[in-house]
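Letters A, B, ... are given to chains in the order of the sequence lines, protein chains preceding strands, and every chain is numbered from 1.
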2 protein chains.
Amino acid sequence: MLRLSKKVDYGLILLSRLAQRSETASAREMAAKYDLPPSMIANVLKALTGAGILVSTRGAQGGYELARPAGRISLAEIVEALEGPFSLVDCVGDEVICRYTEVCPTHDPIRVVHQRFHDFMAKLTLAEIVGDARFGTLQTADGHEKAHLPG
Amino acid sequence: MLRLSKKVDYGLILLSRLAQRSETASAREMAAKYDLPPSMIANVLKALTGAGILVSTRGAQGGYELARPAGRISLAEIVEALEGPFSLVDCVGDEVICRYTEVCPTHDPIRVVHQRFHDFMAKLTLAEIVGDARFGTLQTADGHEKAHLPG
DNA sequence: CTCAATCCGTACCGGATCGGTCCCATATGC
DNA sequence: GCATATGGGACCGATCCGGTACGGATTGAG
Ligand code: FES
Ligand code: FES
């Protein structure tokens with residue numbers, strides 16, 4: 001299904017939190033605050049750290065914080081960190097030889113769609129995700145934006 | 001995983017075919033031509049017909065054809081016809097009351113992301129998908145487009 | 001009128017993936 | 001030393017996906 005996994009869902013919650021306050025926060029702490037499965041949260045944070053999106057401090061008083069400003073963290077990165085390499089369909093990779101490239105009418109079309117999805121996610125930054133909502137900017141179905149203005 | 005199901009994958013192949021030639025084609029015929037699982041192809045075509053994207057002709061010499069010009073068929077429609085209603089995460093619906101709306105920092109942000117995905121798919125038409133590839137228009141990672149020009 | 005081709009609806013199944021849990025090792029501050 | 005943290009896995013049940021199958025309805029051809 002065309003759907004974000006729970007890991008990414010939780011990841012966005014955690015990253016939003018870390019983007020808004022610049023203090024470090026521990027896994028236990030955040031899991032409690034948002035009432036989310038502690039073990040999962042721990043795993044998600046580990047993965048984000050491994051991918052270089054977060055940096056961690058071990059030991060007592062340790063925790064996590066963003067490795068970079070939220071403006072330089074893309075949705076594509078987050079998704080790939082938590083779900084593995086992104087590919088809309090099987091035959092999208094570095095010059096994958098498809099079964100019947102000659103006869104398949106979507107060898108190119110499907111790569112175009114894949115590329116567009118990827119670009120879309122690569123351009124959408126954590127800062128935008130958090131900021132748009134904070135400022136009440138919601139895109140409508142026809143692409144028209146309504147800004148409620150920041151407070 | 002953020003991935004198109006096989007049904008949509010096959011659907012795009014079939015729709016591309018139907019968009020390029022305006023003759024009707026039967027399920028059996030297409031399954032054979034592209035060497036795809038006949039039963040699945042049949043089911044996919046049924047679903048697309050039920051959603052009003054294709055029209056069918058029964059009986060001998062019957063088959064399927066597009067219900068509308070390819071320019072008026074969006075990727076969003078195709079996906080929703082074959083995978084059911086599109087929602088990136090659970091808490092995206094018509095005013096779903098989330099568990100802890102007050103405390104969750106992504107109630108709005110995640111809806112923004114969802115909305116953007118949906119708009120993106122709603123604006124991408126079958127005609128564009130087929131046409132872009134035919135004309136060699138491939139979007140690069142930074143959004144710059146190279147057109148090889150139609151032949 | 002009969003028959004084959006074709007669509008229609010729906011049920012079924014094995015395997016992959018997901019959501020979630022758990023454990024033990026390591027590092028650090030008090 | 002010990003409580004608090006992260007690090008790196010393995011593990012399991014529920015769900016979803018990819019694929020198959022079957023009986024029924026409709027239509028054109030001979
Ligand atoms: S099989 Fe790869 S594009 Fe069709
Ligand atoms: S629970 Fe619905 S947005 Fe967080």
Side-chain angles (χ1 to χ4, degrees), chain A residues 1-11 13-14 18 23-32 34-65 67 79 81-91 99, chain B residues 1-11 13-14 18 23-32 34-65 67 79 81-91 99:
Chain A
M1 213 184 322
L2 195 45
R3 181 188 186 83
L4 293 178
S5 68
K6 280 290 179 193
K7 280 187 183 177
V8 174
D9 190 0
Y10 296 157
I13 296 181
L14 301 172
L18 291 171
E23 341 150 355
T24 76
S26 74
R28 174 194 304 265
E29 189 180 332
M30 295 176 128
Y34 303 123
D35 191 32
L36 299 175
S39 300
M40 280 223 78
I41 296 314
N43 285 339
V44 167
L45 291 167
K46 288 176 212 172
L48 290 173
T49 304
I53 295 174
L54 297 179
V55 290
S56 63
T57 312
R58 284 181 155 199
Q61 314 304 326
Y64 297 92
E65 56 189 329
V79 168
L82 295 172
E83 301 191 344
F86 164 70
S87 67
L88 266 191
V89 290
D90 285 334
C91 58
R99 298 184 309 154
Chain B
M1 216 183 320
L2 195 46
R3 181 187 184 83
L4 293 178
S5 68
K6 279 289 179 193
K7 281 188 183 177
V8 174
D9 189 0
Y10 296 158
I13 296 181
L14 301 172
L18 291 170
E23 341 151 355
T24 76
S26 74
R28 175 194 304 265
E29 189 181 332
M30 294 176 127
Y34 303 123
D35 191 31
L36 298 174
S39 300
M40 282 224 75
I41 296 315
N43 285 339
V44 167
L45 291 167
K46 288 176 213 171
L48 290 173
T49 305
I53 295 174
L54 296 179
V55 289
S56 62
T57 312
R58 286 179 153 199
Q61 315 301 329
Y64 297 91
E65 56 189 329
V79 168
L82 295 173
E83 301 191 344
F86 164 68
S87 68
L88 267 191
V89 290
D90 285 333
C91 59
R99 298 185 308 154

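A donor-acceptor contact under 3.5 Å is formed by the side chain of B:K46 with the base of C:dG9. Taking 3.5 Å as the limit, the base of D:dG18 and the side chain of B:K6 contain no donor-acceptor pair of atoms between them. The base of D:dT6 is not paired with the side chain of A:N43 by any donor and acceptor separated by under 3.5 Å.
For the residue pair A:E83/A:S5, the side-chain donor-acceptor check at 3.5 Å is satisfied.
Counting non-hydrogen atoms under 4.0 angstrom, A:G50 reaches nothing in the nucleic acid.
Look at CG on A:L2: it is 13 Å from P on C:dC18, rounded to the nearest Å. Nucleotide C:dG19 holds its C1' atom 14 Å from the CG atom of A:L82, rounded to whole Å.
Distances shown here put a side-chain N or O of A:R28 below 4.0 Å from the OP1 or OP2 atom of D:dA5. For the pair B:S56 and C:dC8, the criterion of a side-chain N or O lying under 4.0 Å from OP1 or OP2 is met. OP1 or OP2 of D:dC17 has not a single side-chain nitrogen or oxygen of B:Y10 nearer than 4.0 Å.
Of all nucleotides listed (C:dC22, C:dG29, C:dC8), C:dG29 comes nearest to the side chain of A:A60. Each of C:dC8, D:dT6, C:dG20 was ranked by its minimum atom distance to the side chain of A:S26; first place goes to D:dT6. Closest to the side chain of B:R58, out of D:dT27, D:dT6, D:dG19, is D:dT27.
Comparing A:S39 and A:G59 by the nucleotide of DNA chain C whose heavy atom lies nearest to each, the residue mapping closer to the 5' end is A:S39. Two residues, A:Q61 and A:K7, neighbour DNA chain C, and the one matched to the more 5' nucleotide by heavy-atom proximity is A:K7.
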